[in-house]
Amino acid sequence: MKLVFPNMDYKEQAMEYIREFRECGSEVNGSGGLDRFLSQSMTYEQWLDKVMRDIDVANVPEPRVPALTYFYVREEDDRIVGMVNIRLALNDYLRTECGHIGYSTRPSERGKGYATALLGEALRVCARVGITDVIMTCDKNNPASAKVITNNGGVLDAEFFSENYGGVIQRYIIANG
């Protein structure tokens, strides 16, 4: 498995990744907005431009924050099995409700340990850029995500009702350094 920075070589696969989520009626997290771009009749190429702008730390407009987005690719067949978005800074909203990392595993690849491994890779990236206390959140009704977070050292920090998400959110801290 490897993290791959989005590029044109993965265009069709990325679009298929999002289609699979839609067909399964599953929410997409960690896509760096790819799902929103495609649902708004925007192009993959426009999304790639956005991903590049997200890493321009000095010029990311408020209230956005700099971020890195990666595909999680299985090397033996070069298939995208997951995506991750790593926020390099947090504003008040993100600190409370979203955290540093959003991720997803394609529905057909769930239950195989990919999400735990993907989060582990994302934590290594966080360590490389100096993020030592990683904030993670998940819906309380998503025990699979909570397990992925705790499998990577997450400790429950808070539980609260989110007006934005209309449900109870669990916030975890992962000591990462």
Side-chain angles (χ1 to χ4, degrees), residues 3 17-18 20-40 47 50-51 54-55 57 60-72 80-127 129-177:
L3 292 177
Y17 182 86
I18 299 301
E20 184 174 324
F21 276 86
R22 288 181 182 157
E23 289 169 2
C24 291
S26 185
E27 182 179 347
V28 183
N29 293 303
S31 74
L34 178 59
D35 56 319
R36 288 187 309 279
F37 267 66
L38 296 179
S39 69
Q40 297 170 357
W47 175 74
K50 178 245 183 236
V51 167
D54 283 350
I55 63 175
V57 175
V60 173
E62 295 280 341
R64 297 189 52 75
V65 298
L68 300 168
T69 300
Y70 293 100
F71 297 130
Y72 194 49
I80 298 172
V81 298
M83 287 186 76
V84 64
N85 181 259
I86 303 166
R87 298 170 197 96
L88 304 176
L90 299 176
N91 57 32
D92 289 340
Y93 168 75
L94 293 171
R95 189 174 295 102
T96 302
E97 303 232 355
C98 301
H100 286 99
I101 301 171
Y103 66 91
S104 60
T105 303
R106 73 184 315 143
S108 63
E109 297 289 353
R110 291 180 181 160
K112 300 176 183 178
Y114 289 127
T116 298
L118 171 57
L119 180 53
E121 290 295 325
L123 290 169
R124 282 187 270 292
V125 173
C126 286
V129 298
I131 302 171
T132 56
D133 289 323
V134 177
I135 298 170
M136 299 280 309
T137 65
C138 69
D139 187 311
K140 184 175 182 170
N141 293 324
N142 188 347
S145 188
K147 184 176 179 189
V148 167
I149 295 167
T150 58
N151 283 347
N152 276 282
V155 175
L156 185 63
D157 175 60
E159 192 172 279
F160 56 92
F161 182 81
S162 167
E163 293 289 335
N164 292 314
Y165 294 103
V168 176
I169 300 292
Q170 295 179 320
R171 186 174 57 235
Y172 294 82
I173 306 292
I174 300 174
N176 193 42

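P66 approaches V57 most closely through the heavy-atom pair CB-CG2, 3.9 Å. Smallest separation of non-hydrogen atoms from C98 and Y165: SG-OH, 3.4 Å. The heavy-atom pair separating M83 from F71 by the smallest distance is CE-CE2, 3.5 Å. Nearest heavy-atom pair, L90 versus G99, reported as atom, atom and distance to 0.1 Å: CD2-O, 3.3 Å. A pairwise comparison of heavy atoms in A127 and N176 identifies N-ND2, 3.4 Å as the closest pair. When all heavy atoms of L118 and S104 are compared, the closest pair comes out as CD2-O, 3.7 Å.
A distance of 5.5 Å separates CD1 of I174 from CG of N152, quoted to the nearest 0.5 Å. Between atom CZ of residue F21 and atom OG of residue S31 there is a gap of 8.5 Å, rounded to the nearest 0.5 Å. Atom NZ of K147 and atom CG of N142 lie 12.5 Å apart (nearest 0.5 Å). Between I169 atom CD1 and E159 atom CD the span is 10.0 Å, to the nearest 0.5 Å. C138 SG to Y172 OH: the interatomic distance, rounded to the nearest 0.5 Å, is 4.5 Å. Note that the CG atom of L38 and the CZ atom of R36 stand 11.0 Å from one another [nearest 0.5 Å].
Within the 3.5 Å criterion, the main-chain N or O of I86 finds no donor-acceptor partner in the side chain of H100. Side chain of Y103 to backbone of A122: no donor-acceptor contact under 3.5 angstrom is found. In this structure a side-chain-to-backbone donor-acceptor pair under 3.5 Å is missing from D54 to V60. At least one donor-acceptor pair closer than 3.5 Å links the side chain of R171 to the backbone N or O of T96. A donor-acceptor pair is defined here as one N or O able to donate and one able to accept, closer than 3.5 Å; such a pair exists between the side chain of E20 and the backbone of S108. The backbone N or O of T116 lies less than 3.5 Å from no partner atom in the side chain of N151, so there is not a single donor-acceptor pair. Between the side chain of R22 and the backbone N or O of D35 there is at least one donor-acceptor pair closer than 3.5 Å.
Checked against I101 for a side chain to side chain contact (heavy atoms under 4.5 Å, CB included), the options I149, L123, I131 give a single hit: L123. Remark: of the listed residues L68, V65, V125, L68 is the sole one forming a side chain to side chain contact (heavy atoms under 4.5 Å, CB included) with L88.
Contact of the Y93 side chain with the P63 side chain is not registered, since no non-hydrogen atoms from C-beta on lie closer than 4.5 Å. No side-chain heavy atom of C24 sits less than 4.5 Å from a side-chain heavy atom of R110. Residues F160 and E97 have side chains in contact (heavy-atom distance under 4.5 Å, counting atoms from C-beta outward).
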Using the side chain to side chain contact (heavy atoms under 4.5 Å, CB included) rule, take I173 and I135 through it: C-alpha gap first, then chi angles, then the decisive distance, then the call. CA-CA 5 Å; I173 306 292; I135 298 170; 3.7 Å; yes
Could you walk me through whether M136 and L119 satisfy the side chain to side chain contact (heavy atoms under 4.5 Å, CB included) test, starting with their C-alpha distance in whole Å, then the side-chain angles of each, then the deciding distance to 0.1 Å, before giving a yes or no? CA-CA 10 Å; M136 299 280 309; L119 180 53; 3.9 Å; yes
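The number of heavy atoms from other shown groups lying within 6.0 Å of NZ (K112) is above 12. Heavy-atom contacts from other residues, nucleotides or ligands closer than 6.0 Å to CD of E163 number 12 or fewer.
Of the N and O atoms on the side chains of T105 and Y72, not one donor lies less than 3.5 Å from an acceptor on the other residue. There is a side-chain donor-acceptor pair under 3.5 Å between T69 and N85.
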